[in-house]
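The next block holds one structure in the form of C-alpha cells; read it before the comments.
For ligands, and for the atoms within them, numbers begin at 1 and follow the listed sequence.
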Amino acid sequence: MPKNNKCVYFFGGGKAEGKASMRDLLGGKGAGLHEMTRIGVPVPPGFTITTDVCRYYHARGRYPRGLEMDVSQALKRLEKQIGKRFGDANEPLLVSVRSGARESMPGMMDTVLNLGLDDQTLQGLIRQTQDPRFAYDTYRRFVHMYSDVVLGVKVRDETQVNVFEQIIEQKKRDRGFRSDTELTGDDLKEIVGRYKGAVKAKTGEDFPDDPVAQLWGAIGAVFRSWNNDRAVAYRELYHIPDEWGTAVNIQAMVFGNLGKACATGVAFTRDPSTGEKKFYGEFLVNAQGEDVVAGVRTPRAIVELKGLMPKPYAQLKRVCRTLEKHYGDVQDIEFTIEDNNLWMLQTRSAKRTGFAAVRVAVDMVDEKIITKKEALLRIEADHLNQLLRPVFDRYDKQKAALEQRVLIKGLPAGPGAATGRIVFHAENAVEWTRNGERVILCRIETSPDDIRGMEVAEGILTARGGMTSHAALVARQMGKVCVAGCEALHIDYATRVMRVNGTTLNEGDWISVDGSTGEVIKGEIQTRQSEVLEAILQSNGPACKSPLYRQYSKLMKWADAFRRLGVRTNTDQPDQAKVARAFGAEGIGLCRTEHMFFQGDRIQAVREMILADDEVGRRKALAKLLPMQKEDFKAILEIMGDLPVAIRTLDPPLHEFLPSREEEILELAHVMSVPLESLRDKVKILQEFNPMLGHRGCRLGISYPEITEMQARAIFEAACELRQEGKRPFPEVMIPLVGSREEFAAQKNIVQSVAEETMKVYGVKIRFLIGTMIELPRACLVADEIAQEAEFFSFGTNDLTQTCLGLSRDDAGKFLPTYVLDGLLPEDPFVSVDQEGVGTLMKIAVQKGRRARKNLEIGICGEHGGDPKSIHFCHRIGLDYVSCSPYRIAIAKLAAAQASLLKLE
Ligand code: ADP
Ligand code: MG
Ligand code: MG
C-alpha cells in the first residue's frame, strides 16, 4: 500500500469524504453510504476502512501502521456527532461493522450489528431507553452474530440446525409463543445467558467483554470473511478477482427493534422479476436488518407500511425517487425506521431477471431517465436468453390443475418454468446433475452455502423467506426459476421428505415449479415456446402484440443502430436458417457440409466414395452425392436471399464416416457387398493416432481434388439455378485447415474453375467469394501470404484454440476445470477466447491479412462467436462479423452494440 494513503473515510452530517465513483476503494456498500450522505438522504454516520487495507492485511498478516490511530480518531468524530460514547456505561454508542466489496456479493461476507455491548454498557442501554426488552433483544442478537462471525462458533450443526435459533425456538415453545416479538425482557435475558453458555461450551472461553477488543475482532473477521469458503466459491462463479478485497464500514446503529414505531425492510424501486414500475419490498415491524432476509418471520408487503407508518413511508418513497434519478437505475435498498424516522442503510443497482432488465431499460428511456446507449449497456447480453426459454404448456398445466396436482402457491421469485426431481441438499443437486438428472433444489430457506447447488438446479423452491430472501435474490441474479416462501411446505432434511397439504414427496420425485405464478405442481409438465420466441419466429403473428416482445424488439433496433459488427449464424439446416433470419441474421458464417453427409441414405454414397480404390470409383460415388448436396445448398441459399452464405468444404477425417465396431463393419461389408477383409483393412488404414491433426480439412481436398470439385459444383449449380430463377444468391466457399498459401491456392484453383465453368454452362453470373478458415497458428503467422489468394478469412477459434494451446478439446475435460478453479487460466478457453494467446494470433492474422488485401473480409465462426466477452474482443481487433448459433443471435447483437458503445476501438 502506498505510503500516506488514507485508510479511513468518514461520512455523516450531510458530508462525506467518499463518493459513488470510489467503489473500488470503499466497496459498493461504502460508496453508496457516502454518496447517499452527500445528496442529503438520511444515513446514520460512520466511516469506511478501505479495500487497500484489506489487501494489505491479507498480504502481510497485519494492519498498516497508523490504522489504529485513524480508527480511533474516526470513532471520536462519530461519538461527537451522535453524542454518545463507545463503551460508555451510561449512554453507549453501538455500531455495526459491515463488509462490502466492489461488487455486491449477497450474504457471502460478514456483518456484525449492535457492537459495543457488554454487561456494563447493557445497563446503560436499559437506563437510556427504559426498555429492558429492547436492550436484551439487541444483546442476544449481538452475541449471536459475534459468535458466528468473529468467534467462529458454528451455528449450524450437521443436521443444519442453528444452535442459537434452537435456543430461541425452545423458549418460544416453553412459553407457548408463536413469534419472537412476544418474548419478554426476562425471556431474552435468559436467552442471552444460554447463548453465552453455548459459546463457552463450544470455545471453552468466556464471551469477550471489552467493546474496543470486540471492534477489532469484528474488523479482522470482516476482512477475513473475504476468504471464507462461500465468498471464494461465489467469486469463482462470477469471475470476481481475489485481489479486490472488501472494505469495512463502521456505522452508528439505528434501531428497528425499539418498539411498534420501528421497522426494518428491504425494497426495490421497481419489481426485479418483471421490471414493472411499482414499489416493491418487504418489512418487519420491531425487528432488525437480517430478520427480513433470513426468513425468521414472514415479512409484510411494503404497501402495508403506508397505513402503518404514513410519515416514514412517504419519506421512503421520496428517497426512492431521488435515488433512481440520481443513479439512473433501479435501486435495491435497505432501510430501518426508528421511532418513525427513516434511515437508509444501503443502496445499490438491483440485480434483476432478463425480463426485468429489458423492461426497465426500455421504460427508463421512455421516462427520460436514461439514454438509449445507457439502456443498451444496462443489460447483460446473456440475460436475453431468459426471454427465449420455454414456459409451461398451458394445456398440460391445466390438466395438472384438473388432476389436482397443484400443491401450493408460493411467491413468484424467479420467472420461468422448471421441471425436475426433488433434492434437498446442495451437494446432492451437484451430484445428481453430474449424473445427467434435472433437479429442483427444495430448501426450508437457502443460505450462501447453497449457491453451487442453486447454480446447477433447474429451479429452486423454498418454504420460508420472501421475495427479497437469499433464495430469491440469488435466483434472479442467476436467471433461475424460483418459487419462495411456500409456508405450508414442511421439509424434513433428515428423512428427505417434504409434506404439503396432505401430499408427501420424497427425494427423487418429479416436481414442477412455475416461477412466474408461484405454483408448485406435482409431477412433470410439458414446456413450450416462450411468447417472445414465438413472436420472433412468426413475424406478425398474434404473439407480436406481447408487451415484452415489443420492448425486446425496440431494444434490438437500438442495438442494430449502434453496433458495427455484423452478426451471422452457424447452420446447415434450412429450418434453422429460417430461425436465424427471423432473429435477423445477416448471413451464414459457417455451413458445414459434412452434417449433410449423414442424412438419409447419403452416408451410403459417402462410404462408397471412401472405399473406392481409385479416382474413377470415387468420381462415380461423388456423382451420386452431387444432386443431394446441390439440393441442400439450394435450399439454404434460397432462404438466405442475397445474404452471404459461407459454405465450408469437407473437413473431418474420413474415418468418421466409417463404422469402427466389428459387428458394424460386418454389416457394412454385407450391405455394400465388399469383402470383409478389404473393408477391415480400409478402416485400419484410415485410423489415425491424432485425428485432430491428421488427414482432414483441405488436406482431404488436396489428396482427392475430386471431392472439392464435386462440392464446388454442387454449390455453383445451386447458385446458378437460383440466379436463373431471378434470385441473387451469394455463396462464399470456405477452405478449412489451411496452413499455407500454396495449399489454399491449390484448392482455390479447383473452386474457381468449377465456378467459371458452371456459370458459363448456365449462362449467368453470380457473386461469390473464395476464402479460408484461419484455424492454425501458421495460418495466422503467414496471413499476408494467404490473403494474396484468399478473399476472406473466418477464424475457426475451436481448432485455433486447440492448436495454439496444444490442448485437445475432447480430452481437456479431465484437467481444464482444475486450471480454471486454481486460477491458472482465467476462463475455459473453449468458452471465451484466450485473448493473450489465441487473441494475439488473431490480431497478427488481421493485421497481416489486411495489409496484403485491404478489403479482406474477416469474421469468426468458432463457438466463441456467441460469447459476449469474445464478441467484445472481436470488435476491438476489427473483425467484420461474428457468427453464432441461431438462438444466440440476439445476445451477439446486443454484445456487439455494447462493444461499440464502450468504445473498445
Ligand atoms: P449484507 O451485505 O449481508 O446485506 P449489511 O452490512 O447490509 O449486510 O447488513 C445487513 C443488515 O443489517 C442491513 O440491511 C441493515 O438492516 C442492518 N444494519 C446494518 N448496519 C446497521 C446500522 N448501522 N443500523 C441499523 N441496522 C443496520
Ligand atoms: Mg444481508
Ligand atoms: Mg445489505
Item to complete: Report the member of V266, L115, L113, L94 with the shortest heavy-atom distance to atom 19 (C) of ligand 1.
Response: L113
Worksheet item: Parallel, tilted or perpendicular: which describes the rings of Y280 and F268, with under 30° parallel and over 60° perpendicular?
Response: tilted
Worksheet item: What atoms in ligand 1 come closer than 4.0 Å to a heavy atom of K29?
Response: 1 (P), 2 (O), 5 (P), 6 (O), 7 (O), 8 (O)
Discussion item. If you measure every N or O of S99 against every N or O of ligand 1, does any of those distances drop under 3.5 Å?
Written reply: no
Fill in: Row check, Y9 ring normal vs K6 NZ/CZ: under 6.0 Å, within 45°
yes
Item to complete: Heavy atoms only: give me the nearest S273-F355 pair and the separation to one decimal.
Response: O-CB, 3.7 Å
Item to complete: Please state which part of M253 comes within less than 4.0 Å of ligand 1, counting heavy atoms only: side chain, backbone, both or neither.
Response: both
Worksheet item: Numbering the atoms of ligand 1 from 1, which are under 4.0 Å from a heavy atom of A252?
Response: 22 (C), 23 (N)
Item to complete: Flag the pair Y146 / F207 as yes when at least one side-chain heavy-atom distance between them is below 4.5 Å, and no otherwise.
Response: yes
Discussion item. Ignoring hydrogens, what is the shortest heavy-atom contact between E282 and P299? Give both atom names and the distance.
Written reply: CB-CB, 3.7 Å
Discussion item. I need the contact type for E334 against ligand 1. Using non-hydrogen atoms and a strict under-4.0 Å cut-off, is it side chain, backbone, both or neither?
Written reply: side chain
Worksheet item: Is it true that the NZ or CZ of R55 lies under 6.0 Å from the centre of W226's six-membered ring and within 45 degrees of the ring axis?
Response: no
Fill in: V254 contact mode with ligand 1 (heavy-atom cut-off under 4.0 Å)
both
Worksheet item: Once rounded to 10°, what is the value of the angle centred on the Mg ion (ligand 3) between Q346 OE1 and E334 OE2?
Response: 100°
Discussion item. Side chains of Q331 and T347 only: does a donor on one sit below 3.5 Å from an acceptor on the other?
Written reply: yes
Response to the item:
Within the 4.0 Å heavy-atom cut-off, what N249 brings close to ligand 1 is neither
